[in-house]
Peer 1: 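Okay, here's the structure, questions in a sec.
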Amino acid sequence: MTITETSDGSITIVALCGTIDSSTAPELHKSPAIADTLRSVVIDLEKVDFLDSSGLGALVGTLRLKQEAKAAVLLSCMNPRVRKVFDITGTVKLFHIFDDTSAAVEYAATHNEG
Amino acid sequence: MKTLIAIKEQYHTWVHEAFPAMHPLLLPLCNKPFIEYLIDFAILAGSREVRLLSDGQLTEVEEHCGTGSRWGIELSYANLHPADDQQQLLDKNRKFCGGGRTMILTGYNFISYNKQKSYLDLATIATDTPIASCPGGTITLKGPPESGASEKSPLAPFSITPLDSVQSYFRISMETLQTGSSRYVLPGYGSEPDCSIGKNVIISKTAQIRKPVSIGDNVQILPKTIIGPSAIIGSNVVIDNGCSVSGSIIIDNTYIGENLEIDMRIAAGNTLIDPTSGVSLTMEDPHLLVGIKTWATTAILKRKTIHALAATILLVLQFIPFILLFPLLKLQGKWKDDPYMQETGLAGALAVAISLDRFPLLLKVITGKLDIIGSSSRSTCAGKHSYPDSGPLSRLAVFSYAEAEDWPVNGSDAAIVERFHAVHSTPIKDIGMTIKALINRLTKGR
Amino acid sequence: MAFRLDTLNGITVGIAELNGRLVAENSTILQKTCSDWQQKTPFLVFDCSNLDFIDSSGLGTIVGCLRKALEKNGDIKLAGLNAKVAMVFELTKAKKLFSIFSNAGEAAASFAASPVSSKTQ
């Protein structure tokens, strides 16, 4: 898995690429934008080709930590395979999911101010 | 014009209660799943791209509707958040909408329209207020109106009605049966109006069919039965000798026993519902009403066998520790028949660490009553009872998938893991997960 | 199953209260006790206001009791069926065999009004 971080104003976009499973999920927490619980992030899942339950656990864990610190985690550009994992596990209710990264960034920015 | 169909789970919780085996979007209205009426309407309004949004599961709907090629449209699926408003729906699907004209259908509503009329003008109306609304949702047009307005004819009439209870479901189904074939696109064959019959239907020579009726696929109607007037029979239904069915709906996968009289009722599996009072009765006798199971039985048999083998091995391994520790714990009064024993004292902690507390349950795996790994009774009770829990996905077991993973911290996390594995598991993977669960319990036991 | 005898207009009517669930496991008990009751009087009222659930063998037992009552020129009337129990009677067409009343008092009074077993349907 590769993690690319870019900033758009106060929001960090974390683009994930490759496989997120039990062997790669711990890397996610090492990413500075993810580890900093105060920072709102948009996680771009477009290039994720496989996600298992540990990967999902890492994302849910990130969401929980950031929500406690009043920061947001938004997901964007899920491909149908990844969406299916969110769908069957009922985790869609936990996240705000966008089909466009810039829309997600705008949403995060406005909701941070509000 | 594009169409977003956004249906939040909160609007169809009654379907889970009344018809637990049915996905609300696939609930048949006169032999056609609910969602197809909405897709048809979107097509009549000129949409070539339709997206379904839900805060619940869509996998089953996706399997049914596919990519939309059946209708010559592009059908996609996405998710919404229970708190989303219309603007957020547009933002979240910005790429899909592309800044163009978008029709948003919200809520779990039936749209009454007429397939012989044209709704293409919806793309050209310049209004931001809902063009139709009811307590359960709206139809709204967003984005710039498309050009090419043909202001010659007034827009064909249509209206929306909330499907908010068994009562409204029954009423709308019956109305659709009586007026439907001219207004809606309905499946099945029928040389006469008011009578539609699906594929692979066997009707005995001595059975009587009284119009209007609608009969689905794979239906057997045995001798001396009277079907109709006003009967909606779903697919995979058997109606045994001497029954009469009138003014009623028989949902898919139902067997109706001999000599029964079903009048003004909804029968779904082994449940009989009175649509006027909403009272529902679950039968215990298999010869009255019973659900017909359709899922793959050989796969289940394979899983059960492998699980039973694994349980046997585990029983053999645990046998000696069990006969040593069990009398000790029993004497101390620490053994509880509750599958989740409290770990008190050294012997108790040891028993839990090597999973002796599950020893009695393993016997149930051999008899096929439990799985060796699946969902625990704890998380299904703790988690909110949502649709997939009641389906065949939820399998009670000795160990839970959540015990094999490290991350779940609470009941809803455990439910996430269990649902993931319930879909992705194979018997061999299950063995691996069982070993992981055993190791996890061993290392966390102290 | 509480049972009491009531005498109205010189007719002795037995009123039996059925309660809980009447299913395969316990329906033979009703079968036996019902024959005892029928020794006392052929006119019975089954008060079902506390009957929560009935399955087909329970239903079969009640129909069996009715058959015996009819042989002795008596009858069994039902009272106070809840919606679920009533649905089973309608589904199986057993409703047509019985006179059904909203409460036990009315059912008993109907015996007094027409002492000879009169089936209207």
Side-chain angles (χ1 to χ4, degrees), chain A residues 20-23 25-26 28-29 42 44-46 50-65 68 72-111 114, chain B residues 8-10 51 53-63 67 76-84 87-99 383-384 386-389 393 401-402 404-410 412-425 433 436:
Chain A
I20 316 178
D21 59 14
S22 54
S23 58
L28 193 64
H29 292 290
V42 171
D44 181 346
L45 298 171
E46 191 175 12
F50 180 80
L51 178 74
D52 80 349
S53 66
S54 318
L56 200 59
L59 292 174
V60 172
T62 306
L63 176 77
R64 190 168 291 138
L65 289 173
E68 274 166 21
V73 177
L74 306 174
L75 305 180
S76 73
C77 304
M78 255 184 213
N79 61 47
R81 265 184 84 173
V82 171
R83 202 195 72 79
K84 200 157 195 172
V85 174
F86 279 84
D87 190 290
I88 56 164
T89 54
T91 32
V92 292
K93 283 192 195 70
L94 307 175
F95 292 95
H96 285 283
I97 304 166
F98 292 74
D99 73 349
D100 182 66
T101 307
S102 61
V105 170
E106 271 172 41
Y107 179 91
T110 52
H111 283 250
Chain B
K8 292 180 187 171
E9 274 192 328
Q10 66 184 92
R51 176 169 282 185
L53 304 168
S54 163
D55 49 352
Q57 287 203 342
L58 284 173
T59 305
E60 225 178 307
V61 182
E62 209 171 329
E63 277 165 14
T67 57
S76 58
Y77 306 85
N79 295 101
L80 55 79
H81 191 274
D84 281 346
Q87 191 52 48
Q88 278 163 327
L89 291 180
L90 286 174
D91 286 343
K92 286 187 173 182
N93 297 286
R94 185 178 290 177
K95 212 177 255 174
F96 171 80
C97 300
K384 231 181 7 178
S386 71
Y387 169 69
D389 292 339
L393 288 183
Y401 287 120
E405 294 263 359
D406 299 320
W407 67 273
V409 293
N410 59 30
S412 62
D413 283 0
I416 291 172
V417 172
E418 285 167 5
R419 288 190 207 128
F420 179 89
H421 289 288
V423 173
H424 291 95
S425 76
M433 294 297 283
K436 264 195 200 166

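Convention: sequence-line order gives letters A, B, ...; per-chain numbering from 1.
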Peer 1: Are any of the side-chain nitrogens in A:Lys93 or B:Glu9 under 4.0 Å away from the carboxylate oxygens of its partner?
Peer 2: yes

Peer 1: At a heavy-atom distance under 4.5 Å, which candidate from A:Gly57, A:Ser53, A:Ala25 has the highest pair count against chain B?
Peer 2: A:Ser53

Peer 1: With a 4.5 angstrom heavy-atom cut-off, which part of B:Tyr77 approaches chain A: side chain, backbone, both or neither?
Peer 2: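 Both parts, backbone and side chain.
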
Peer 1: Against B:Glu62, only a single residue in A:Arg81, A:Lys84, A:Arg83 fulfils salt bridge (Lys or Arg N to Asp or Glu O under 4.0 Å); can you say which?
Peer 2: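 Output: one option passes, namely A:Arg83.
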
Peer 1: Is A:Asp99 reaching over with its side chain to a backbone N or O of B:Arg94, donor-acceptor style, under 3.5 angstrom?
Peer 2: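 Yes; at least one donor-acceptor contact below 3.5 Å.
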
Peer 1: Let's test your reading of the structure: which of B:Leu80, B:Asn93, B:Asp84, B:Val417 forms the most heavy-atom pairs below 4.5 Å with chain A?
Peer 2: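 Option with the greatest count: B:Asn93.
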
Peer 1: When only pairs under 4.5 Å are counted, which of A:Leu56, A:Leu74, A:Asp52 shares the most heavy-atom pairs with chain B?
Peer 2: A:Asp52

Peer 1: With A:Arg64, which residues qualify under salt bridge (Lys or Arg N to Asp or Glu O under 4.0 Å), at least two apart?
Peer 2: B:Asp413

Peer 1: Just wondering, do B:Arg419 and A:Thr91 contact through their side chains at under 4.5 Å, heavy atoms?
Peer 2: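 No, their side chains stay 4.5 Å or more apart.
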
Peer 1: Residues in side-chain hydrogen bond (donor to acceptor under 3.5 Å, both in side chains) with A:Ser22, at least two apart?
Peer 2: none

Peer 1: For a quick test of reading the model, state the closest non-hydrogen atom pair linking B:Asp91 to A:Ala103 and the distance between them.
Peer 2: O-CB, 3.3 Å

Peer 1: Might you point out which heavy atoms bring B:Lys95 and A:Asp100 nearest each other, and give the distance in Å?
Peer 2: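 Result for this residue pair: CE-OD1, 3.7 Å.
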
Peer 1: Is there a side-chain contact (heavy atoms from CB on, under 4.5 Å) between B:Gln88 and A:Tyr107 once you walk through the steps?
Peer 2: CA-CA 9 Å; B:Gln88 278 163 327; A:Tyr107 179 91; 3.1 Å; yes

Peer 1: Select one option (side chain, backbone, both, neither) describing which atoms of A:Leu75 are under 4.5 Å from chain B's heavy atoms.
Peer 2: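 Neither part, no heavy atoms under 4.5 Å.
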
Peer 1: Checking heavy atoms, do the side chain of A:Val60, its backbone, both or neither come under 4.5 Å from chain B?
Peer 2: side chain

Peer 1: Apply side-chain contact (heavy atoms from CB on, under 4.5 Å) to the pair B:Ile416 and A:Leu94, showing each step before the final yes or no.
Peer 2: CA-CA 11 Å; B:Ile416 291 172; A:Leu94 307 175; 4.2 Å; yes

Peer 1: Please look at A:Phe95 and chain B and tell me whether the side chain, the backbone, both or neither of the residue comes under 4.5 angstrom of a heavy atom of that chain.
Peer 2: backbone

Peer 1: With no hydrogens and no angle check, is any side-chain donor or acceptor of B:Asn79 less than 3.5 Å from a backbone partner on A:Ile97?
Peer 2: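 No.
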
